[in-house]
Each structure stands twice: as C-alpha cells, then as structure tokens.
Amino acid sequence: MSENQFQDDNEIVRTRKEKLLRLRSEENYDPYVNETWDRQITLNEIRSKFENLQPEQVDENANLRTAGRLMTLRRQGKATFADLADETGRIQLYFQLNNVGEKEYDFLKKWVDSGDWIGIVGNPCRTKRGELTIMVKEYKLLSKAIRPLPEKWHGLTDTEIRYRQRYMDLIANPDVREIFRQRSKIISSFRETLEAHGTLEVETPVLSVIAGGANARPFKTFHNALSVEMYLRIAVELYLKRLVVGMMGRVYEIGKNFRNEGIDTMHNPEFTMMEVYWPYANYVDMMNLAEELIRNAAKSIGKTEIEWNDMKIDLSKEFNRLSMREAVRKFADVDFDAINSDEEARKIAVDKGLGSELTGKESKFAILNLFFESFCEEKLIEPTFILGHPVEISPLSKRDPENPDYTHRFELFMYGKEVANAFSELNDPLDQRARFEDQLRKKEAGDEEAHAFDEDFINAIEAGLPPTGGMGIGMDRIVMFLTGARSIRDVILFPTMKPKA
RNA sequence: GAGUCGCUAGCUCAGUCGGUAGAGCACCGGACUUUUAAUCCGGGUGUCGCGGGUUCAAGUCCCGCGCGACUCACCA
C-alpha cells in the first residue's frame, strides 16, 4: 500500500482506509479474511414468514441467521437501528447493548459503517410503529466498504456514473436490479419455450474469418498464432443453417452479436440475439413461434399488457399481419404493384419528398423498402408482422413462388421498431450463389454492409438444406419493451461507453 | 456526423450583474436504549470536466477540447 494511495482519496475514503488499518492493529480483526457465513434465510423470506407478527410481539424461538449490506445506521447511544439489504429486499435491524453485549456493541459503534457487509443472528419482532425488525443477538462484520454509498434519499441519478459504475447503480437503485432480474426471466422463458418445441441450444463461433448472416459492418481483430485477420460475428445464421444441414434438427442460439455501428437508445455495439432454425417449417411457423415466445416471456414477468413510452399494448391479442406493399399502400398511399419500372418508382419517390435519399440507380424494390422505412415503420405500434420483402434486400430468403421478386419473409415491428426478422430459408444452392454474387457486386460498388460471400456456406447448402424456417429476435429490445426501459443501456448491465480520458 | 442541454464536495443540487465556494444528505467529534429521510450540538472535506483567452478580478464572459443525456442523421 503506497502513500500516494491516501493522497488521491477524498476525505471519506481516506478516513475509512485509516479506520481499516486501525481495526487490524487495535482489534486484531481483518474484515477481509472471512470466507463464509452460514446464511439460512433471505430477508424477503423473513418478511413473508413473519408477516403476521403483531406490533410489539417478538418470536423468541426463530433464531434467524441472515446477512447483507448495511444501508443506513441510526445510532442512538446504547441502541442502534440499521437497514440491512440483500438481493431479495431490505429489513430493519435493532442492536441493543443489552442484547449483543457491551464488547460487541462497542465494536459496532467503533468499527461498523454503512456500506459494510455483516452476518447477523437474531429474532424477529415488530415495532410499535409496525416495522418488522430483527433484534440482533450476534453479528459478524463480514467485509468493509471503504467507499461511501450514494446518497440515501435521492440515490444515484447521474447517468454517466450509473452506466460506468453499474455496481453503484445496482446498490443505490433496487429497481435497476429488478429490471435485470426480469431480463433473466425473459431469456429463461425464451429457452423454455424453444426447448418445449424440441429445439436444441447450440454455440457457434464468435470469431470467424467471414462475418456473414446480416448486412452490417463487423469488428475486426487479429489472431496472433494463426496470423490471420478475424471478425466478431454479426449474426449466427449461417452457422445454424450449417447445423440443420448436418442433421441436428431444431437448433437455437442466444448470444452476443457485434456490429460496428453508432450508439443510441436502440443500439449498442454488442447486443444479444436469439436465432432459431426449424427444419420442415416455414416463415408462417416462425410467426406463430414469435407470438408464443413474446407472450410467454411477458407472462414470465407477470404481464399480458405492456407499456413503453406511454403506449400500451395488449399482447393477448393476435399480432397484425400486413405485407410490405400493403403497408406502403396504407401509410404512403402508393401502390407498388401498379409500378412497372424503376424510373417510375424513383419519380414517385421524388414526388413524395424522398429525392434526397436517391442516387438515381435504385430499383423499384429498393424504393419500396425506402417507402416502408420512411413512412410505415414508425406507425407500427401494435405488434405487426410485415411480410413479403423484395428478393433484392433478402439474400438468404426463399422466393415467393407466386411472385418471385418477393420472398417468404417477415419482420416483426412493435413500438415502431424492428424486433424480429424471419424467413423461409433459401435452400436452392444455385440461387444462393447468385444472391451472394449480387451482394458481391454491391460490395464492390462501395456498399460496406453488403453480405459477405461465404463459399463454405454454399458448399453446405449444396449438401442439402431441408425446407427450413428461421428467425432472429433482438433480445435487448424485447426486454426494453416488456420492462418499459426507455434506453437499451438500461437493459444491458455494462453498456459500451467511450473511455473517459 | 449535426443540434440542444449538462459536467460545482462522496451523492443530490444551488451559485444573482464577473468581486472571499454554498445547502441537504453522507462523513468526522459529542449527547441519546423504539428509530425508520431519527433528533440535538459542533466541524466544510473542493483540480467548479480539461486547456487557452478577456479582465485588476472568471464557477460565471469568449474560444477550443473531453465525457454524458436527449433529438435528428446513420444503422435490415
């Protein structure tokens, strides 16, 4: 421990460090040597077990052994009230000199601070004012905090500290802990639903030489021993379809994707995606699965109705289904089935004020997508499956045999944002090669997000992919909408932040 | 990438017209055996985000930069 360590600290930390050193030398007690504490009950369990305890009544036989962090201390001479918190809740402690003994009470007064972890043994009682309280008989200082807790009344609100020092946020704001518990339940619910349908959870590479399965810019990295440039994955799609070729049956993966893009309330560079592939299924089966997954996930946190940004959605209602062309007809009043040339489509785009978006080379299908993104997406508040994307923007989807310019694909929108993307997977290896070649031309024309050409993936498709339905769901957004979180950073424990210095 | 707002004590925040840096909580010392935002007495603990400039004098005005939030743009 260097001298400098003390100089850089604020007064509180400096005092606490000195106190720690004195505790070791004067009492021969080191709070950091403790390894275990036999906690037999949590605070919430205590609360429910003794909810019927009457004011001024004590249960002398309970002998509760529990533990937690001291949040506040109210010292009044020969008695001290404290609030003890653990991951389940918070309960009041009452230390009386008569109960804990003079030596122990002295130790409490002298060495124990708010923020410290302690183990306690005691009996429950209820105060005159009706507060369930543990009368402490014994206690043990399990670990000391030398850094002060955020203010007890206002808590911690500074967003920068909340995201950079999430531990402080979690200590100060129990509702933040609750959001992440709900996130865990939602993801568990997804696993349960998928596994109830006989879907196998698998893990595929995060590092690979080709980042495929989506149109996005990847993160680059380098493997020293192989001396090869590698990418962090942007999707798991191509790997999971290889597994279906390999006769693994229904498979899914929940994991991180990495996309080298901007950061805002809906985007974090690393985010959690669920992808699922079912042989002998199509995009319609995936629509049904999406509804089931989302409904079950909401149920897992006790909801059938959700509210986000003051907009309510009743998830028990069937999700809407609308083709992309219908959506554009409805919201932009343009009928793309009546448009016969790219020029005509571009002209209408200019008439509708999209001229600045155009380079003059767009196809009718690209314009359709532009219309959809410009005029429709934000209107799709109620969960809505948008169907029938053009082949041109869907390099991995099966064509609609009735209308081969379009695909058997959907994207699910809610609150105006995309939450799922699915299709009947393209399994024609000749068509797949042609689609990749088309993407390659786009890439060569300067589109950094065009899909990578993956020869081995075509090789896999050539080995025979059964008819397959596949879907990806952005888990962070689902968690946002189900929990009401306004920013993606509120559902990611450690969101990506720019270094400060 | 553009705009708006923010950055002052550990936390939450005030700081007027440019004139000695403030409050509550926390913390330190003292009193107190049913308090619960405990109370009472005493104590201010600071690189005012960073760097320049103007000025006798800058937390405050000007310029640049950093970080963050929001909006827009980007982003299947």
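Chain naming here is simple, since letters A, B, ... match the order of the sequence lines and numbering starts at 1 in each.
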Gap between atoms [atom1] and [atom2], on [X] and [N] respectively (whole Å):
| X | N | atom1 | atom2 | value |
| --- | --- | --- | --- | --- |
| I12(A) | C11(B) | CD1 | C1' | 9 Å |
| K110(A) | C28(B) | NZ | P | 14 Å |
| E448(A) | A76(B) | CD | C1' | 16 Å |
| E237(A) | A76(B) | CD | C1' | 12 Å |
| L93(A) | U35(B) | CG | P | 17 Å |
| L156(A) | A9(B) | CG | P | 14 Å |

Remember a base hit wins even if backbone is also touched, and classify [X] as base, sugar-phosphate or nothing at under 4.0 Å, heavy atoms.
| X | answer |
| --- | --- |
| E261(A) | sugar-phosphate |
| N98(A) | base |
| Y94(A) | base |
| M497(A) | sugar-phosphate |
| I161(A) | sugar-phosphate |
| E392(A) | nothing |
| E56(A) | nothing |
| K19(A) | sugar-phosphate |
| S114(A) | sugar-phosphate |
| T265(A) | sugar-phosphate |

Taking the nucleotide of RNA chain B with the closest heavy atom to each, which residue, C125(A) or G213(A), is nearer the 5' end?
C125(A)
Tell which nucleotide pairs with [N], taking only Watson-Crick or G-U wobble pairs whose two distances are both under 3.5 angstrom.
| N | result |
| --- | --- |
| G66(B) | C7(B) |
| U60(B) | none |
| G46(B) | none |
| U35(B) | none |
| C72(B) | G1(B) |

What's the gap between [N] and [M] when it is taken at their [atom1] atoms, as a whole Å value?
| N | M | atom1 | result |
| --- | --- | --- | --- |
| U36(B) | A26(B) | P | 13 Å |
| C7(B) | U47(B) | C1' | 14 Å |
| G49(B) | C5(B) | C1' | 15 Å |
| C65(B) | A2(B) | P | 10 Å |
| C50(B) | A21(B) | P | 16 Å |

Would the distance check show the side chain of R409(A) and the main-chain N or O of L396(A) forming a donor-acceptor pair, the cut-off being under 3.5 Å?
no
Parallel, tilted or perpendicular: which one describes the rings of Y406(A) and F365(A), with boundaries at 30° and 60°?
perpendicular
Return the orientation label for the F219(A) and F258(A) ring planes: parallel under 30°, perpendicular over 60°, tilted otherwise.
perpendicular
When you measure only distances, ignoring hydrogens and angles, does the side chain of [X] come within 3.5 Å of the base of [N] through a donor and an acceptor?
| X | N | result |
| --- | --- | --- |
| D158(A) | C7(B) | no |
| E131(A) | U35(B) | no |
| H154(A) | C11(B) | no |
| T127(A) | U35(B) | yes |

Contact under 4.0 Å: [X] side-chain N or O vs [N] OP1/OP2:
| X | N | result |
| --- | --- | --- |
| R217(A) | C75(B) | no |
| T157(A) | U12(B) | yes |
| K498(A) | C67(B) | yes |
| R14(A) | A9(B) | no |
| R147(A) | C11(B) | no |
| R129(A) | U35(B) | yes |

Whether D428(A) and R399(A) form a salt bridge (side-chain N of Lys/Arg under 4.0 Å from carboxylate O of Asp/Glu) is what I want to check.
no
